[in-house]
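What follows is a short report on a single structure.
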Amino acid sequence: MGGSTRSPGVLQRDDASSQSRYQRLSQRMLDLSGDRGVLKDVIREGSGELVTPDASVLDITLWGMELGLLSMRRGEVARFLFKPTYAYGMLGCPPLIPPNATVLFEIELLDFLDSAESDKFCVLSAEQQDQFPLQKVLKVAATEREFGNYFFRQNRFYDAKVRYKRALLLLHRRSAPAEEQLLVETAKLLVLLNLSFTYLKLERPTMALRYGEQALVIDQKNTKALFRCGQACLLMTEYQKARDFLVRAQKEQPFNHDINNELKKLASYYSDYLGKEKEMCHRMFAPGEHGSTVGEN
């Protein structure tokens, strides 16, 4: 789920002015919990369906926050009041939230992802999935990719990889007529690029290179694929291959800052590598302590 949350305002229950403010706010707010523990005031209406219980959300630690989000629609902005039981309880959250605090949150729901449809489709056999139109497969694969993007942004790279691979498997399984194959290949390309980047984050350059090269089969001039392959080869100390990929990427985007910096890094690494090789050769063939050379009898 994508959204933005402003820092909570604190309304202390044992403070008269705060209590008065709480009462004024709560009078015009909707009771979500049934005991007036979670109150809501819509600032801007959203559209579409409500958030579903299966939706992907940011890590939620507040019971009241979960109830609040389930009442929202895409694009909605709302203000919530959470009593201590639905917020931080008797302990609070020092130093910002004191004990037994009623808190005020303002939340904007940008988007959310519903995993129910995708999960149900992914457990079907290949034969069952083939009964659905291509657009259904593309939609599910796109949802899986978006879940991967969500996990990637949270630095949960292993979870991102799992979702990307699910998307790729769906697309590999599906055979499409020639006029629709371009849609499948376009969807594959996005997933392959994401997998290559994810494996770089997981410090597995061999796999990053594999998926980057698969992306290049679809689009041999794709700058991101060339760049990822160059990064992977650099990590594998395959300097010539790294240079080949990065120069090809630079040809497509001559003024790309990241590509040019990677080429500078490559030049530096390669220079250090040659220096170490030269030093090693010098040690191997330098005269010994008694004037003899390596290999002499």
Side-chain angles (χ1 to χ4, degrees), residues 1-121 139-140 142-144 146-156 159-160 163:
M1 175 182 295
S4 59
T5 306
R6 295 186 183 177
S7 299
V10 180
L11 306 177
Q12 268 289 68
R13 296 190 61 181
D14 56 0
D15 181 273
S17 61
S18 295
Q19 179 72 2
S20 176
R21 183 185 176 197
Y22 165 76
Q23 290 174 342
R24 291 196 302 271
L25 283 171
S26 64
Q27 286 175 357
R28 57 187 175 84
M29 300 179 82
L30 176 66
D31 181 9
L32 297 182
S33 58
D35 59 0
R36 301 197 64 78
V38 178
L39 302 177
K40 175 183 179 182
D41 179 32
V42 176
I43 300 172
R44 185 182 71 205
E45 295 284 350
S47 61
E49 300 294 325
L50 292 173
V51 175
T52 63
D54 294 314
S56 172
V57 297
L58 299 175
D59 294 332
I60 295 175
T61 57
L62 301 183
W63 184 15
M65 183 79 77
E66 181 173 349
L67 291 176
L69 287 170
L70 291 174
S71 73
M72 298 184 74
R73 306 176 192 274
R74 287 182 176 87
E76 181 178 327
V77 179
R79 185 180 292 119
F80 295 92
L81 274 176
F82 303 141
K83 284 188 176 179
T85 305
Y86 293 88
Y88 299 96
M90 296 177 60
L91 298 178
C93 187
L96 297 177
I97 311 297
N100 291 315
T102 295
V103 294
L104 173 69
F105 277 90
E106 187 173 302
I107 300 173
E108 178 182 11
L109 180 62
L110 302 178
D111 199 3
F112 65 90
L113 296 171
D114 185 359
S115 64
E117 181 183 15
S118 176
D119 291 340
K120 290 176 182 177
F121 187 83
K139 179 183 177 183
V140 173
T143 299
E144 289 297 315
E146 287 299 326
F147 268 110
N149 292 346
Y150 163 74
F151 288 129
F152 189 96
R153 289 191 293 268
Q154 301 297 312
N155 294 326
R156 295 166 58 180
D159 293 327
R163 289 291 187 165

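Here the structure is a predicted model, which is why all the values come from computation and not from measurement.
- Nearest heavy atom pair, residue Leu81 against residue Ser26, reads CD1-N, 4.2 Å.
- Here the shortest heavy-atom pairing between Ala101 and Ala87 reads O-CB, 4.5 Å.
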Name every donor-acceptor pair, under 3.5 Å, that has one atom in a side chain of residues 64-73 and the other anywhere in the protein, sequence neighbours excluded.
from: Ser71; atom 1: OG; to: Lys40; atom 2: NZ; distance (Å): 3.0
from: Ser71; atom 1: OG; to: Gly68; atom 2: O; distance (Å): 2.6
from: Arg73; atom 1: NH1; to: Gly48; atom 2: O; distance (Å): 2.8

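- For Asp31, there are no salt bridge (charged side-chain N to carboxylate O under 4.0 Å, His left out) partners at least two apart in sequence or on another chain.
- Residues forming a side chain to side chain donor-acceptor pair (under 3.5 Å) with Asn155 (at least two apart in sequence, or on another chain): none.
- Rounded to the nearest 0.5 angstrom, Tyr88 OH and Phe82 CZ are separated by 9.0 Å.
- Heavy atoms only, all atoms of each residue included: Tyr86 and Leu62 are closest at O-CB, 4.0 Å.
- Note that the CZ atom of Phe147 and the CG atom of Asp159 stand 11.5 Å from one another [nearest 0.5 Å].
- Under the salt bridge (charged side-chain N to carboxylate O under 4.0 Å, His left out) criterion, Arg74 pairs with Asp111, sequence neighbours left out.
- Closest heavy-atom contact between Arg28 and Arg79: NH2-NH1, 4.2 Å.
- Of the possible donor and acceptor atoms, none in the side chain of Ser118 sits under 3.5 Å from a partner among the backbone N and O of Glu144.
- Minimum heavy-atom separation, Met29 to Leu39: CE-O, 3.5 Å.
- Residues satisfying the ring pair (Phe, Tyr, Trp, His ring centres under 6.0 Å) criterion with Phe121, sequence neighbours excluded, are Phe132.
- Pro99 places none of its side-chain heavy atoms less than 4.5 Å from the side chain of Leu91.
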